[in-house]
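What follows is one structure encoded as structure tokens, with my remarks underneath.
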Amino acid sequence: MRVIVKSEGHKYFIPVPLWLGSVGLKIAMKFVGKGALTPHQQKEILELFKVLKVALKGYKGLKLVEVKDADGDEVTIIV
């Protein structure tokens, strides 16, 4: 996945491997999941993310997010 940020004449390109997303999700669920999610719900979310990773590999180049604000700043996330 690629995150592209354009701000004030600068362009930042941030490559984000899909495996990093699953690691980040596990870490976030340890902090957020306490009391908010049952262990079964946490397991279901991780399984859903695994399926999503496999599905996204078939859509290289797909824009997931494209945001532009009034100041001219832009954020784009591409698979």
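FYI, the numbering just counts along the sequence from 1. Basis for what follows: all heavy atoms, side chains included, without hydrogens, waters or symmetry-related copies.
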Treating Ile, Leu, Val, Met, Phe, Trp and Tyr as nodes and any side-chain heavy-atom pair under 4.5 angstrom as an edge, say whether [X] and [Y] lie in one connected cluster.
{"X": "Ile78", "Y": "Val3", "result": "no"}
{"X": "Val54", "Y": "Val16", "result": "no"}
{"X": "Leu64", "Y": "Val51", "result": "no"}
{"X": "Leu48", "Y": "Leu56", "result": "no"}

- Message: For the NZ atom on Lys43, are there more than 12 heavy atoms of other groups (residues, nucleotides or ligands in this structure) within a distance under 6.0 Å?
- Response: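 Not buried by this count: 12 neighbours or fewer within 6.0 Å.
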- Message: Can a donor-acceptor pair be found, under 3.5 Å and without considering hydrogens, that links the side chain of Asp71 to the backbone of Asp73?
- Response: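 No: the side chain of Asp71 does not pair with the backbone of Asp73.
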- Query: Does Met1 reach the side chain of Ile77, with side-chain heavy atoms less than 4.5 Å apart?
  - Reply: yes
- Would you say the side chain of Lys63 lies within less than 4.5 Å of the side chain of Thr76, judging by non-hydrogen atoms? yes
- Dump the intermediate steps for side-chain contact (heavy atoms from CB on, under 4.5 Å) on Leu46 and Lys26, then the final yes or no. CA-CA 8 Å; Leu46 289 173; Lys26 288 179 185 178; 3.7 Å; yes
- Task: Mind listing the closest non-hydrogen atom pair of Ile4 and Phe13 along with its distance?
- Result: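 Residues Ile4 and Phe13, closest heavy atoms: CG1-CD1, 4.0 Å.
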